[in-house]
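Atoms within each ligand, like the ligands themselves, are counted from 1 in listed order.
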Amino acid sequence: MIKFDASHANLLENIEDYQQEVTRIHKMIHEKTGEGNDFLGWVDWAINYDKDEFEKILKVADNVKDKAEVLLVCGIGGSYLGARAAVEMIQGLYSKNKTEVIFIGNTFSSIYMKQVLDYIKDKSVVLNVISKSGTTTETALAFRMLKQALEEKYGKEDCKERIIVTTDKARGSLKALADKEDYETFVIPDDIGGRYSVITPVGLVPMAIMGIDIVDVMKGLKDSYNDLNNDSLKDNVAYQYGVSRRIMQNAGKDVEMLVTYEPNMTMIGEWWKQLFGESEGKDGKGILPTSATFSTDLHSLGQFIQDGKKVLFETLVTVKTPMLDMEFPSDDDDADGMNYLSGKSLDWVNKMAYEGTLEAHEVTGGVSNLIITLEDNSAYTFGYMCYFFFKACAMSCYMIDINPFNQPGVEVYKKNMFKLLGKN
Ligand code: PA5
């Protein structure tokens, strides 16, 4: 389902030379003996997920779907990026979906907040607030304002049908509030951290309300779990990718740029940046993850990639068969001189841009490329891809003795901010 190709990367070491280390770490991940082992719930989630809760998601989504001209998803970080990446990858940016999704609670911006509140005034709205801790300030601030707006519009009683809370099973003020107000709640498992949580109700609830087939997401996840549950570097594409990243960094490449040729995959880049950046960037170590969407960024960052300082390698995520395609028309006058493309499919043109760019960057520019090929942009492939990246990330981090599952660094800004805001 996923192909990995390192033949355009000019790796200075053999991937398979790392077999012993990979075997040791694979065991560590599956036997849950490594650092951060209390956050390895995602490893067997494809098998162990709560089936009753899954059924409840389908039921609740079905009930609220017709009530939602707009679905507001309020959350930040791991409680935001996965759902957005999934919806955009699977449905595209301008789908015919009758529900529009707006992500909120990930900024303090007054402009953003005010405009969203104005925008939803005359629309029917369902709100899914997502926070594992239940105390994240960006999310809590937005949630209070949205809750008040919804109560004013629908009354407290109706809000029970329109506000859905995804949070810890027992802890945090959000859980207490949800119980008090009698909102529908979904549980974020204790042993799955934010950036690994898109496969839990964190991602599944918004996806289901948006009409995505979450049964297919879980099927993809399970197949990926089965395919990648082996330590062989000959077969395991996630570990091949994880090891290749390390080989790239050993060769002095401290920056990895995830590149897509599909605008509806741009948020996959954002989600991936959090996954790898928050997991790996610790103790003065790690590769800086960045992302780009081509052709758009070929006309901006393309210059740096081609000719700038040789600090980076690219990881291309390509989609073999995109969900939509069309033929380029011919024109009798051919005044724009574009008839040489008449009859060609747009995806073929995109793939030619990809091949030309790959050669330009690799051969002329000396920039290494790792290539990940996805079959398509379906719900199934999304689920499959999530597990691929989770496994690759855990492997990559453990290879440099990093705990992939904590994020001590993100607390520093909060401490300073709370002091300035006068929080006790
Ligand atoms: O990956 C993480 O753990 C973080 O990005 C969190 O998801 C983010 O800080 C939001 O936290 P919470 O869900 O507790 O509001």
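Residue nearest to atom 6 (C) of ligand 1, selected from Gly78, Ser131, Cys74, Ser279: Gly78 (by heavy-atom distance). Nearest-heavy-atom check against atom 4 (C) of ligand 1 across Gln407, Lys132, Arg195, Gln274 picks out Gln274. The residue from Gly194, Gly193, Ser133, Ala140 that puts a heavy atom closest to atom 14 (O) of ligand 1 is Ser133.
For Lys51 and Tyr49, the positive end sits near the middle of the six-membered ring, less than 6.0 Å away and at most 45° from its axis. Cation-pi geometry between Lys123 and Tyr119 is met: under 6.0 angstrom from the ring centre, within 45 degrees of the axis. A cation-pi arrangement is present between Lys56 and Phe186, with the terminal nitrogen or guanidinium carbon under 6.0 Å from the aromatic centre and inside a 45° cone about the axis.
The nearest heavy-atom contact from the protein to atom 1 (O) of ligand 1 is Glu278 OE1, 2.9 Å. Thr136 OG1, 3.5 Å is the protein heavy atom nearest to atom 11 (O) of ligand 1.
Put simply, no part of Thr139 is less than 4.0 Å from ligand 1, judged by heavy atoms.
Taking the six-membered ring where the residue is Trp, Tyr183 and Phe143 present perpendicular rings, their angle passing 60° and hence far from 30°. Using bins of under 30°, 30° to 60° and over 60° for the plane-to-plane angle, the ring pair Tyr387/Tyr225 lands in the perpendicular bin.
The nearest protein heavy atom to atom 9 (O) of ligand 1 is not closer than 4.0 Å.
Between Ser279 and the choices Arg195, Gln407, Gln274, the side-chain hydrogen bond (donor to acceptor under 3.5 Å, both in side chains) rule is met once, by Arg195.
The Ser79 neighbourhood of ligand 1 comprises atoms 7 (O), 12 (P), 13 (O), with distances under 4.0 Å to a heavy atom of that residue. Numbered from 1 in the order shown, with element, the atoms of ligand 1 that lie under 4.0 Å from a heavy atom of Ile76 read 7 (O), 8 (C), 10 (C).
Listed by chain and number, the residues in a ring pair (Phe, Tyr, Trp, His ring centres under 6.0 Å) with His26 are His30, Tyr239 (sequence neighbours excluded).
The existence of a salt bridge linking Lys147 and Glu181 is confirmed by a sub-4.0 Å separation between a basic side-chain nitrogen and an acidic carboxylate oxygen.
Considering backbone and side-chain atoms alike, Gly77 places every N or O at 3.5 Å or more from each N or O of ligand 1. In terms of polar-atom proximity, Lys414 is not counted as a contact of ligand 1, lacking any N or O under 3.5 Å from an N or O of the ligand.
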